[in-house]
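Taking it in order: structure first as structure tokens, then the write-up.
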Amino acid sequence: MDISVVIPLYNEAESLPELFSWIERVMDEHHFTYEIIFVDDGSTDDSWKIIEGFKQRSACVHGIRFRRNYGKSPGLHCGFQRAQGDVVITMDADLQDSPDEIPELYRMIKEDGYDLVSGWKKKRYDPLSKTIPTKLFNATARKISGIHNLHDFNCGLKAYKNIVVKNIEVYNDMHRYIPYLAKIAGFNKIGEKVVHHQARKYGKTKFGLDRFVNGYLDLITLWFTSKFGKKPMHFFGLWGSVMFFLSFLSLVAVLTAKLFSLWAGSPRPLVASSPFFYIALTGMIVGTQLFLAGFIGELISRNSPNRNNYKIADEI
């Protein structure tokens, strides 16, 4: 099979018929063998009924329906698990991503040899309240991830080799950082393609401004786990040891000054009356706790067996 198209969606009943017809037309014009995997993220409208209708019309359609709303990342995760095409294309269901981009994305994967190609909506039809934070967010992501050639990490329109989606774990809200996840997994040939961005035709966006705050927190988490997730002792143990050593030296200095004053016969206040004594003790305790946190982290697996356990109501 040439292409798997994975489409996570939530309450997009109005846009689905037009999107499905558009994808069908593009695929037929270029003679691709394909499948379309719709992942209904607990929609409360008629999205699932429409997907069932698509299935009756075409054997190329597959559908997954969650019992409740989990988010975009779980939808992509389940879609990736089932994707069989040599190239996997992801796009949003709101008609802001153009299926006409699929043939060139496919060519870049198959002929140019990219592991992943991310869309770049260079010209956007979004308000400044969204575009300015997006630019700042992407600049930070480029700096931390080291993927300097990407301008739009969060673009929903992407293409992947099948082996890439089978070797990355998309959880929580990590869909924003799929290129970074791919890089961590060892897929370094990451490209970008300028894609057409269309104004939303139906409904309204499902994402609020809180995604920018959450996005930065997720980026810090991803950076930390990629750097220290396998060896947490390298972080906690190092800084715990440094804090313990410096605090111990401070405590020795306080005690030495007390012993020197006793030897010299000069009056000296009690050691416990000095604030430096308590600061040094606190530092030693915190240093010990950091060291133990690193040690325990080495013993506990970072991966929960239920991390990606999502309740599926129907699958076709």
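For the pair R142 and N149, the minimum side-chain heavy-atom distance is 4.5 Å or more. Under the 4.5 Å side-chain criterion, counting only non-hydrogen atoms from C-beta, S47 is in contact with L16. Contact check for D112 versus K189: no side-chain heavy atoms found under the 4.5 Å cut-off.
The CG atom of L116 sits 13.0 Å away from the NZ atom of K183 when rounded to the nearest 0.5 Å. Taking CD1 of I64 as the start and CG of L9 as the end, the distance is 10.5 Å to the nearest 0.5 Å. D45 CG to I50 CD1: the interatomic distance, rounded to the nearest 0.5 Å, is 7.0 Å. For the atom pair CZ of R57 and CZ of F20, the computed distance is 5.0 Å after rounding to the nearest 0.5 Å. Going from atom OH of Y10 over to atom CG of N69 covers 5.0 Å, rounded to the nearest 0.5 Å. Remark: I3 CD1 to T33 OG1 distance equals 8.0 Å, nearest 0.5 Å.
Under a 3.5 Å cut-off, the side chain of S118 and the backbone N or O of E192 do not form any donor-acceptor pair. Here the side chain of S73 pairs no donor or acceptor atom with the backbone of V170 at under 3.5 angstrom. Side chain of N11 to main chain of S43: no donor-acceptor pair is present (N/O by atom type, distance under 3.5 Å, no hydrogens or angles).
A pairwise comparison of heavy atoms in H31 and D2 identifies O-OD2, 4.2 Å as the closest pair.
By the 30° and 60° cut-offs, the orientation of the rings of F66 relative to Y70 is perpendicular. Taking the six-membered ring where the residue is Trp, F38 and F54 present tilted rings, their angle falling between 30° and 60°. A perpendicular orientation is assigned to the rings of F80 and Y160, their planes being inclined by more than 60° (bins at 30° and 60°).
Residues I190 and F153 fall within the same hydrophobic cluster, defined by Ile, Leu, Val, Met, Phe, Trp and Tyr side chains chained together at heavy-atom separations under 4.5 Å. Taking hydrophobic clusters as Ile, Leu, Val, Met, Phe, Trp and Tyr residues chained together by side-chain heavy-atom distances below 4.5 Å, V5 shares a cluster with Y114. Both I36 and Y106 are part of a single hydrophobic cluster, where members link through side-chain heavy atoms under 4.5 Å apart. Hydrophobic cluster membership is shared by F244 and V252, with clusters built from Ile, Leu, Val, Met, Phe, Trp and Tyr side chains linked at under 4.5 angstrom. The cluster map of Ile, Leu, Val, Met, Phe, Trp and Tyr, joined by side-chain heavy atoms under 4.5 Å apart, puts M1 and V165 in different clusters.
Side-chain contact of E35 with S4: a donor-acceptor pair under 3.5 Å is present, judged by distance alone.
Ion pairing between E52 and K49 fails under the 4.0 Å rule for side-chain N and carboxylate O. The existence of a salt bridge linking K72 and D92 is confirmed by a sub-4.0 Å separation between a basic side-chain nitrogen and an acidic carboxylate oxygen. A salt bridge links D115 with K161: the closest approach of a Lys/Arg side-chain nitrogen to an acidic carboxylate oxygen falls below 4.0 angstrom.
Heavy-atom contacts from other residues, nucleotides or ligands closer than 6.0 Å to NZ of K143 number 12 or fewer. Summarising the local packing, CG of L246 is surrounded by more than 12 heavy atoms from other residues, nucleotides or ligands at distances under 6.0 Å. The number of heavy atoms from other shown groups lying within 6.0 Å of CZ (F32) is above 12.
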Inset, instruction - Report the C-alpha distance between N162 and D86 in whole Å, list the side-chain angles of each, state the deciding distance to 0.1 Å, and finish with yes or no for side chain to side chain donor-acceptor pair (under 3.5 Å). - result: CA-CA 5 Å; N162 187 284; D86 295 335; over 6 Å; no
Inset, instruction - May I have the step-by-step check of salt bridge (Lys or Arg N to Asp or Glu O under 4.0 Å) for E101 and K193, ending in yes or no? - result: CA-CA 9 Å; E101 307 284 357; K193 180 187 182 300; 2.5 Å; yes
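With M91 as reference, L19 is the one residue of V195, L19, L105 to meet the side chain to side chain contact (heavy atoms under 4.5 Å, CB included) rule.
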